[in-house]
Amino acid sequence: MFILVAILLVAMFFMSSRTRKQQRAAAEFRNNLTVGTKVMTASGMIGTVVDVDESADQVTIESVPGSQTTWLRAAISKQIEEPVADDADDENTTDESDVTAKGETGSTISPDATDVPDDLSSLDTAQREYRDQQRRDADADGK
């Protein structure tokens, strides 16, 4: 019985120490916010810090140019890192002159690709006409 209690106490100690460590790191991040940092709030809004008011413990965030909102410092959850362009992406891009010089088209659609209509007008109308006829017949029988 004593061993079971000791194991539970040790497990609780490790879990709480990890939580305290995470809370300290988050508080340190919030206290060191600077203008120009891209952040995400706890509610999921992403923006750039444009002003930090130390006295009121508030941060002004600009989500889109010209749209600024004021948040409590505690509402800032994490810093968003800007994606870095991979060199591999640069290698895969082809210059348009390379494609046309080979006599190929710039299209990425294969010739045997299925064409999907973007409206119902080009779908098979036979089934629709059959259903419409059945509805008309049912309406005529019911009158």
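Numbers for residues simply follow the sequence, beginning at 1.
- The number of heavy atoms from other shown groups lying within 6.0 Å of CG (Leu9) is above 12.
- The existence of a salt bridge linking Asp132 and Arg135 is confirmed by a sub-4.0 Å separation between a basic side-chain nitrogen and an acidic carboxylate oxygen.
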Q. Checking side chain to side chain contact (heavy atoms under 4.5 Å, CB included) for the pair Val59/Leu33: CA distance, chi angles, key distance, verdict?
A. CA-CA 9 Å; Val59 177; Leu33 282 175; 3.8 Å; yes
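- Screening Ile46, Ile76, Thr37 for a side-chain contact (heavy atoms from CB on, under 4.5 Å) with Ile61, the sole residue that qualifies is Ile76.
- Side chain of Ser16 to main chain of Phe13: a donor-acceptor pair is present (N/O by atom type, distance under 3.5 Å, no hydrogens or angles).
- In summary, the side chains of Asp53 and Ser55 do present a donor paired with an acceptor at a separation below 3.5 Å, with no hydrogens or angles considered.
- Checking side-chain atoms of Thr19 against main-chain N and O of Met15 turns up a donor-acceptor pair under 3.5 Å.
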*What's the verdict on salt bridge (Lys or Arg N to Asp or Glu O under 4.0 Å) for Arg136 and Glu129, showing C-alpha distance, side-chain angles and the deciding distance?*
CA-CA 10 Å; Arg136 278 181 274 193; Glu129 289 173 359; over 6 Å; no
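- Judged by distance alone, the side chain of Arg73 and the main-chain N or O of Arg30 form a donor-acceptor pair under 3.5 Å.
- Met40 is not connected to Val52 by any chain of hydrophobic side-chain contacts under 4.5 Å among Ile, Leu, Val, Met, Phe, Trp and Tyr, and they are in different clusters.
- Counting non-hydrogen atoms of neighbouring residues, nucleotides and ligands closer than 6.0 angstrom, the CD atom of Glu28 reaches no more than 12 such neighbours.
- Both Trp71 and Phe29 sit in one connected hydrophobic cluster of ILVMFWY residues. Membership requires side-chain heavy atoms under 4.5 Å apart, directly or through other members.
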Q) Can you check side chain to side chain contact (heavy atoms under 4.5 Å, CB included) on Met45 and Thr69, steps first, answer last? A) CA-CA 10 Å; Met45 188 183 97; Thr69 55; 3.4 Å; yes
Practice prompt. Go through the steps to decide whether Tyr130 and Gln134 satisfy the test side chain to side chain contact (heavy atoms under 4.5 Å, CB included), and finish with yes or no.
Written response: CA-CA 6 Å; Tyr130 175 74; Gln134 283 184 331; 2.7 Å; yes
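- Here Glu62 does not pair with Lys38 in a salt bridge; the nearest charged N to carboxylate O distance is not below 4.0 Å.
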